[in-house]
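Order of listing sets the numbers, starting from 1, for every ligand and every atom in it. Everything quoted here is computed from the prediction, not taken from an experiment. Numbers for residues simply follow the sequence, beginning at 1.
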Amino acid sequence: MNLVLDRWLPVVALCVAFGMAWLLSDYQRAVASYIGIFAIVCVGLVLMTGVAGMVSFGQAAFVGLGAYATAYLTTAYQFSPWVGLLFALVGVAVVATLIGLMTVRMSGHYLALVTLCFCISFYFLVGNLEMLGRFNGLTGIPSITLFGYDLRSEFAGYLVVLVALALSTWWVRRILNSRVGRVIRSLRTGSLIAETFGASAYRHRLIAFVVAAVLSALSGWLYAHLQRFLNPTPFGVQMSLEYLFMTVIGGSASVWGAVLGAGLVTLLKQELQSLLQPLFGATTRLEMLVFAAVIVVVLIKARRGLWPFIAHFLPPSGSHQTIVAETLADRRQKPNRGVVLLAADQLTRNFGGLVAVDRVSFEVRAGEILGLLGPNGAGKSTLFNLLTGVIEQTAGQIRLLGRPQPHVSSRAMCRSGVARTFQHVKLVSDMTLIENVAIGATHLGHAGLAAATLRLDRAEERRLLSWSMQLLEQVGLADKAWEMAGSLPLGHQRILEIARALAADPVLLLLDEPAAGLRANEKAELAQLLCRLRDDGLGVLLVEHDMEFVSIVADRLMVMNFGKLIAYGAPAEVRADRAVQEAYLGVAA
Ligand code: ADP
Ligand code: MG
């Protein structure tokens with residue numbers, strides 16, 4: 001997202017929307033209020049679905065839960081709507097946490113199914129509860145009062161919704177630009193990036209899920225007290241679908257898209273209703289069909305929703321964020337050159353009958369590059385995954401700085417000083433280079449959701465971004481810091497992955513085929529970088545297919561074939577080894 005847009009658009013939009021309060025008719029104010037109420041839900045969906053990639057069909061039920069909680073407390077017990085708000089937000093947060101704890105671990109379809117069931121059960125539960133007025137509904141819900149003023153007019157309602165929407169977008173944008181948000185933004189590509197850099201993907205999915213639910217509760221609270229009458233209809237599955245439509249049509253990766261989508265869909269539905277009902281009667285609901293067709297067209301023509309088209313016409317970025325140079329306080333103590341960083345002892349991994357890694361033992365020391373060679377299918381990536389905790393060994397032991405690691409997990413390895421890159425580059429393509437690097441530094445920070453919300457994370461953010469910038473400078477990509485990672489050529493993407501790994505402040509770097517697909521000059525650049533890192537005392541385990549590249553940089557070599565280690569030692573010796581020549585060079589020649 002460009003920065004001028006980022007800073008000034010929200011302020012301008014808020015002023016315009018505020019001024020509109022005086023220009024619109026009462027009817028228009030009421031429609032705009034509904035749009036705002038829907039948009040709040042969609043802003044939550046941007047975080048959960050658009051950014052974190054979790055699809056929920058239960059959002060309308062969270063809106064309903066918030067609405068009924070406040071409606072019940074304010075009618076049955078005459079609580080103030082403000083107390084109702086507190087109960088709605090906290091109650092929904094608790095329920096969402098409980099549902100989330102059980103479901104966000106599940107992948108794609110399951111979460112969608114569970115939330116769908118939740119939405120259906122909620123609808124029928126409310127519809128059959130006497131105390132909530134069954135399907136007939138609850139009436140007599142009080143309006144919101146503030147300092148003695150009754151905010152029941154369309155004018156006041158519009159302003160209340162506007163404030164709530166502004167706060168919601170501000171909150172979600174705040175989260176997205178924080179340490180927690182960077183991890184959430186990586187989740188759409190899967191859990192691997194988060195886990196590799198010491199963050200729990202599960203926890204961050206849960207955060208996104210609960211934040212989206214809490215925003216739905218806020219929306220429900222507004223709905224209850226502005227409409228002042230509730231029945232279960234607006235909280236069913238159809239409405240959950242509509243929230244998703246609004247978010248997707250507007251542009252599910254941007255909070256502004258959510259607002260746009262809520263507006264467009266609401267107005268479009270109204271227009272279609274008034275256009276089609278006189279022609280085909282009120283019961284045919286033909287507008288839903290037309291509506292579905294419009295959505296299909298939009299999704300075919302504009303996969304990322306409509307917002308990117310609008311953002312295209314807005315003023316381009318004028319300046320980059322300035323990064324003040326700051327030092328990272330708690331850097332890791334670097335082991336002395338020659339100290340054994342990682343030792344594998346008789347490491348074995350079976351896949352059914354196939355022994356992909358067969359009793360492999362070796363050591364990597366600080367200040368050396370150990371090259372791991374082998375033809376395709378030799379077991380290099382499997383060994384790599386064992387060392388990084390992506391899969392567990394069948395037998396054997398891994399020791400890190402002398403300490404045995406019985407259960408290697410990606411997260412624990414990262415915290416102990418092992419960082420990696422991926423054979424198939426895994427970057428978050430719609431994040432800037434500097435943000436991608438900062439994901440690597442996640443475990444060096446502490447600020448969580450609360451700190452991000454209250455802006456208590458600013459000093460830490462400055463340190464993390466400054467540290468990320470230093471690493472971009474070190475690898476020679478600083479001039480592109482504010483470009484999107486997806487726009488880089490492959491060679492630079494691989495180097496960016498190395499910068500991200502370095503951001504974790506590792507003692508040992510594991511690189512899986514970093515030279516694959518690179519051009520000769522890019523390979524030379526990479527070789528230079530690796531030698532510099534080695535000279536700084538880092539240990540590097542370099543998995544490579546390309547004998548020539550490894551020969552240039554590696555201090556020692558190990559060669560695998562059919563899962564076994566067939567040679568291990570100085571490069572000249574290993575290259576001269578007969579078994580190696582037969583198994584590897586023979587194949588390569
Ligand atoms: P390399 O990286 O050296 O090319 P791999 O470690 O990817 O080799 O694969 C080694 C062997 O293990 C291959 O025969 C591959 O088919 C097999 N293998 C790798 N991963 C799995 C898996 N998840 N399930 C079953 N077999 C696998
Ligand atoms: Mg491989």
Side-chain angles (χ1 to χ4, degrees), residues 107 189-193 195-196 201 342 344-362 364 369-398 407-410 413 418-427 490-491 493-495 497-498 501 508-518 522-523 526 530 540-551 553-554 556-568 571 574-575 577 579-589:
S107 52
T189 66
S191 308
L192 207 50
I193 297 179
E195 297 281 336
T196 300
L342 179 94
D345 185 20
Q346 300 282 313
L347 209 54
T348 303
R349 170 70 200 207
N350 303 340
F351 288 115
L354 177 88
V355 189
V357 173
D358 193 0
R359 286 164 292 165
V360 171
S361 305
F362 66 91
V364 198
I369 299 178
L370 174 64
L372 167 54
L373 278 161
N376 259 332
K380 304 183 297 292
S381 289
T382 307
L383 178 64
F384 203 90
N385 287 335
L386 290 173
L387 300 178
T388 45
V390 176
I391 55 176
E392 222 173 315
Q393 70 259 40
T394 313
Q397 199 186 45
I398 297 170
H407 298 289
V408 181
S409 79
S410 304
M413 289 304 262
V418 180
R420 69 170 292 186
T421 63
F422 298 92
Q423 181 177 349
H424 304 288
V425 174
K426 285 194 198 316
L427 293 164
L490 180 66
Q493 291 197 359
R494 288 205 188 276
I495 289 187
E497 275 213 342
I498 294 177
L508 174 64
L509 200 56
L510 307 182
L511 309 176
D512 197 356
E513 306 212 11
L518 298 200
E522 289 174 327
K523 279 187 189 177
L526 179 65
L530 294 183
V540 179
L541 174 63
L542 177 67
V543 174
E544 233 345 302
H545 188 63
D546 177 345
M547 172 66 110
E548 205 188 311
F549 179 75
V550 181
S551 303
V553 293
R556 290 188 305 143
L557 287 181
M558 57 192 273
V559 182
M560 283 177 79
N561 199 17
F562 297 116
K564 288 197 172 65
L565 191 62
I566 56 169
Y568 179 42
V574 168
R575 274 201 306 271
D577 189 290
V580 173
Q581 287 185 351
E582 270 169 29
Y584 190 81
L585 299 179
V587 175

Report task. Report yes or no: is the cationic atom of K564 (NZ for Lys, CZ for Arg) closer than 6.0 Å to the six-membered ring centre of F562, at no more than 45° off its axis? Result -> no
Query - Polar proximity ligand 1 side, G379 side, N/O cut 3.5 Å exclusive - result: yes
Report task. Would you check whether L383 has a nitrogen or oxygen atom less than 3.5 angstrom from a nitrogen or oxygen atom of ligand 1? Result -> no
Query raised in the report: Taking the Mg ion (ligand 2) as the vertex, what is the angle from OE1 of Q423 to OG of S381, given to 10 degrees?
Result: 80°
Query raised in the report: Considering only heavy atoms from C-beta outward, does the side chain of L542 approach that of L370 to under 4.5 Å?
Result: no
Query - L509 and R420, any side-chain heavy atoms less than 4.5 Å apart - result: no
Report task. Give the atoms of ligand 1, by number and element, whose distance to some non-hydrogen atom of T382 is under 4.0 Å. Result -> 5 (P), 6 (O), 9 (O), 10 (C), 19 (C)
Query - Which of the ligand 1 atoms, numbered from 1, are nearer than 4.0 Å to a heavy atom of A378 - result: 1 (P), 3 (O), 8 (O)
Query raised in the report: In terms of residue, atom name and distance, what is the protein heavy atom nearest to atom 4 (O) of ligand 1?
Result: G377 N, 2.7 Å
Query raised in the report: Is it true that K523 and D546 have a side-chain N and a carboxylate O under 4.0 angstrom from each other?
Result: yes
Query raised in the report: Are any of the N or O atoms of Q423 closer than 3.5 Å to those of ligand 1?
Result: no
Requested in this report: Specify whether an N/O/S atom of T382 falls short of 2.8 Å from the Mg ion (ligand 2).
Outcome: no
**Report entry** N376 backbone or side-chain N/O/S under 2.8 Å from the Mg ion (ligand 2)
**Finding:** no
Query raised in the report: To the nearest 0.1 Å, how far is atom 22 (C) of ligand 1 from its closest protein heavy atom, and which atom is that?
Result: F351 CE2, 3.3 Å
Report summary line: Near N376 (heavy-atom distance under 4.0 Å), the atoms of ligand 1 are 4 (O)
Report summary line: The protein heavy atom nearest to atom 15 (C) of ligand 1 is L354 CD2, 4.4 Å
Requested in this report: Tell me which protein heavy atom sits closest to atom 7 (O) of ligand 1, plus the residue, atom name and distance to 0.1 Å.
Outcome: S381 CB, 3.7 Å
